[in-house]
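Residue numbering restarts at 1 for every chain, and letters A, B, ... go by the order of the sequence lines.
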Amino acid sequence: MNFQLSEEQQMLADSAKRFVRDNSNVETHRQNKKLMPLNEMTWQQLAELGWLAVPFEEEHGGMGMGPLETMVLLEALGEGLIMSPYIATVVLGGGFLRRADAGTQAKTIPALIEGRLQLAFAAEEYERVFSLENTTLQGVVKGDDVVLNGTKASVMNGDQADLLVVLARTAGQPGDQQGLSLFLVDANAEGIERVPHRMVDGRQGAEIRFADVSVSQAECIGELNKGYDVAKAVLQEGLLALSAESVGSMSVLLDDTVEYTKTRKQFGVSISKFQVLQFRMTDMFIAMEQTRSLLLASTLKYVEGHADADKAVHAMKAQLGRAGRKIAQEAIQIHGGMGMTDELGVGHFVKRLTAADGLFGNADVHLREMVKPA
Amino acid sequence: MDLQVPEQEASFRDEVRTFLEENLTDEIREAGKMVTSVFSPVKEAMAWQTILNDKGWAAPHWPKEFGGTGWSVTQRAIFAEELVRAETPPLVPMGLHMCGPCLIGCGTQEQQKEYLPKILSGEHFWCQGYSEPGAGSDLASLKTFAEKDGDDYIINGTKIWTTYAHHANKMFALVRTRKDGKPQQGITFLLLDMDLPGISIEPIVGLDEVPEQCQVFFDNVRVPQKNRVGEENDGWTVAKYLLTFERGGQEYAPSLHVQLEKIKMMASRQQTVFGSLQDDPVWQYKLAQLEADVLALEFTEMRIKSALSAGKDPGALSSMTKILGTELLQAITELRLETLGAQATIWQPQALVPGDEQPIIGPEYALTAMPHYLNSRACSIYGGSNEVQRGIIAKAVLGL
Ligand SMILES: Cc1cc2nc3c(=O)[nH]c(=O)nc-3n(C[C@H](O)[C@H](O)[C@H](O)COP(=O)(O)OP(=O)(O)OC[C@H]3O[C@@H](n4cnc5c(N)ncnc54)[C@H](O)[C@@H]3O)c2cc1C
């Protein structure tokens with residue numbers, strides 16, 4: 001057992017922290033009150049720093065790293081208010097591309113790494129409690145093609161994506177793992193309508209409607225009807241990334257709250273002197289450290305392929321929801337009125353944690369998954 | 001002891017229902033459904049207040065001689081329940097529930113005559129200037145200073161978190177008139193116009209991106225001394241009178257019941273792989289916990305009303321309801337987020353603005369979930385934070 005960062009990982013963490021220090025700024029973030037085109041400058045910076053290359057093989061220009069490095073990078077980025085579609089494009093989108101056929105990989109991964117290709121994973125649906133098995137978007141095989149019909153909801157980066165990875169049901173019923181398929185679809189293909197919207201955390205997303213969208217079966221990632229395992233693996237990498245980012249945000253909320261109580265005076269003393277607040281900040285700290293532990297547990301078990309890796313990832317996502325909410329709520333409460341304003345970073349990190357819980361199954365969903373019979 | 005509803009109260013309920021059906025406009029109903037804060041959209045709330053006032057029902061909690069209704073405690077409760085059930089936008093409280101009662105208790109006859117009718121009619125829109133950047137929970141440490149000058153006071157300083165100051169034409173404020181002695185004993189209660197020279201207002205944008213609160217700055221603002229309520233340096237007494245007046249007045253349970261019913265509807269629309277979320281035992285367990293808590297609160301509130309009806313002081317019970325009501329509301333907004341999952345992450349605050357024409361993205365019932373969750377975090381901060389409330393109970397009730 002060794003929980004020390006390698007030299008390479010440490011460098012990654014250090015440079016990401018430096019980037020956050022130089023580029024994260026509440027004022028800039030607050031301007032994000034409208035739907036905006038992708039911040040190309042930030043994205044190009046991330047590309048130049050080599051971070052878009054982290055999880056890809058060297059033959060495609062990647063760094064040949066994995067979920068551990070993604071964790072290190074995103075935890076550091078999570079300490080800042082830098083809105084980038086990293087998880088949607090690199091972790092989720094890239095995760096699918098890495099599992100696509102060689103031709104697709106050669107065509108797409110280098111462009112992604114250079115910052116020229118955006119992706120989104122279209123998985124969630126309206127009025128369906130999220131799980132992969134609960135997918136209903138219909139895919140009907142017609143000769144060499146599959147015709148897609150239905151709507152995907154809250155698709156992170158759905159508005160900016162050039163390519164969509166669409167999770168569809170090509171056979172079976174909601175609840176079946178069998179019969180799920182993944183398609184790589186041009187986001188501007190005929191029959192696709194995108195309704196862009198902001199997400200509460202400042203990211204952008206879209207509702208995506210599919211009306212008789214024809215995709216060649218050749219664009220299927222993995223085998224037709226057997227997309228579940230691929231989707232699960234990539235989703236898990238996405239959840240780990242989201243969790244790492246959240247741990248970073250938790251640490252900011254804790255630090256900001258502790259700092260605030262030392263400077264805020266009421267009744268002639270710093271409010272940090274009130275024991276009731278001390279205990280609650282201590283509980284925030286404990287919740288954050290427990291989350292960090294589960295992040296390590298789930299990431300390492302996933303990377304090493306342990307039998308209980310699935311359970312650990314579900315535990316992690318549930319913890320992110322529960323601890324995230326607790327830490328967020330306490331941060332606001334202890335800041336008093338200041339915590340309710342758009343002016344401080346606090347509210348923006350709170351929104352990020354709240355969104356992270358809601359996406360891809362909230363704490364309840366993942367707790368249920370933990371106890372689901374195999 | 002029993003729970004029977006006397007005949008005349010049942011028929012009173014019918015009277016209120018009929019009135020609501022006949023008088024609520026579509027715009028007001030629509031605004032009521034979209035409310036995500038204790039503070040309603042101003043235009044619709046004021047339109048609603050006008051309709052109620054025409055009927056004589058704008059301030060049932062005021063004594064009859066000042067424009068109240070003369071209803072019994074139970075009738076008032078029925079009325080409040082029916083408003084909540086019809087999802088009307090709550091009336092803006094600063095005039096009707098804060099300034100009005102202070103004037104009724106401590107104002108001169110002249111002040112009462114001048115201001116109370118205009119509070120009822122909405123001609124005067126009040127904001128509450130108590131908190132300051134340095135004086136939140138420790139309100140008595142407020143510093144905004146009013147210096148005597150002839151028949152006037154000259155005010156310098158700043159107020160913060162002043163809800164709807166940017167909509168108001170009047171402010172009731174606590175200002176310092178003496179710097180020595182006990183801090184509470186150097187505070188004066190003043191009424192002032194918001195368009196006086198020297199006042200400037202800066203809206204503060206909240207987590208829901210709505211500018212609900214403001215910071216108000218006073219730069220040599222001249223206010224006539226006749227605008228003082230109560231004695232100089234005795235403003236603390238005036239402000240505290242409100243606590244006596246409103247004791248047990250605030251009811252949370254009826255609106256919490258309504259919110260829980262709506263969540264059940266939402267859950268019934270969410271499909272899991274086993275059926276609807278409403279049939280899911282994990283979800284049911286959470287709902288049941290909240291239903292039990294709300295039922296308990298409903299009866300706590302009824303115990304208060306029962307004591308008040310019998311002319312008794314409900315004492316400790318009423319101190320609990322702020323804590324319970326706000327924390328249950330927060331828990332309910334959480335269950336709603338949990339029920340809606342990713343649908344609640346879609347952020348479209350502009351769609352909550354009455355009259356917005358843009359199509360709503362996602363199920364319409366999901367629209368208010370996130371803004372309401374975020375906004376309701378404030379309930380445990382304002383009106384005496386829940387930490388401060390617990391401190392009060394510990395001291396006053398438990399004798400600690
Ligand atoms: C939405 C909203 C609307 C408001 N509207 C108005 C308005 O219209 N007019 C107006 O005058 N004011 C208004 N306020 C201000 C409100 O009254 C104050 O926010 C409140 O009094 C708390 O003060 P503070 O924000 O300075 O927090 P602080 O007093 O700085 O408190 C920070 C934290 O410390 C805790 N704390 C403080 N003292 C103690 C203690 N002794 N023991 C334990 N914990 C303690 C608090 O509970 C809180 O968690 C509003 C506030 C909000 C959020």
Please look at [X] and chain B and tell me whether the side chain, the backbone, both or neither of the residue comes under 4.5 angstrom of a heavy atom of that chain.
| X | value |
| --- | --- |
| A:A153 | neither |
| A:N134 | both |
| A:F130 | neither |
| A:S131 | side chain |
| A:E124 | side chain |
| A:R203 | neither |

Could you walk me through whether B:V282 and A:L367 pass the side chain to side chain contact (heavy atoms under 4.5 Å, CB included) check?
-> CA-CA 10 Å; B:V282 174; A:L367 289 174; over 6 Å; no
Side chains of B:E334 and A:Q329, donor plus acceptor under 3.5 Å | yes
Test side-chain contact (heavy atoms from CB on, under 4.5 Å) applied to A:F274 - qualifying residues, sequence neighbours left out = A:F267, A:V269, A:I271, A:V276, A:L277
Is [X] close to chain A through its backbone or its side chain, or both, or neither, when contacts mean heavy atoms under 4.5 Å?
| X | answer |
| --- | --- |
| B:F274 | neither |
| B:A140 | neither |
| B:E338 | both |
| B:I361 | both |
| B:P133 | backbone |
| B:L374 | both |

Check: [Y] and [X] side chains under 4.5 Å, non-hydrogen atoms:
| X | Y | result |
| --- | --- | --- |
| B:K286 | A:D364 | yes |
| B:V205 | A:R30 | yes |
| A:I332 | B:L207 | yes |

Atom NZ of A:K311: over 12 foreign heavy atoms under 6.0 Å | no
Taking atom [atom1] of [X] and atom [atom2] of [Y], what is their separation to the nearest 0.5 Å?
| X | Y | atom1 | atom2 | answer |
| --- | --- | --- | --- | --- |
| B:Q271 | A:T136 | CD | OG1 | 10.0 Å |
| B:L337 | A:D357 | CG | CG | 8.0 Å |
| A:R198 | B:Q350 | CZ | CD | 7.5 Å |
| A:Q333 | B:R377 | CD | CZ | 7.5 Å |

Looking only at heavy atoms, which two atoms of [X] and [Y] are closest? And how far apart?
| X | Y | value |
| --- | --- | --- |
| A:Y126 | B:P363 | CD2-CD, 3.8 Å |
| B:N375 | A:M340 | O-CE, 3.7 Å |
| B:W347 | A:K351 | CZ2-NZ, 4.0 Å |
| B:A342 | A:S154 | O-OG, 3.1 Å |

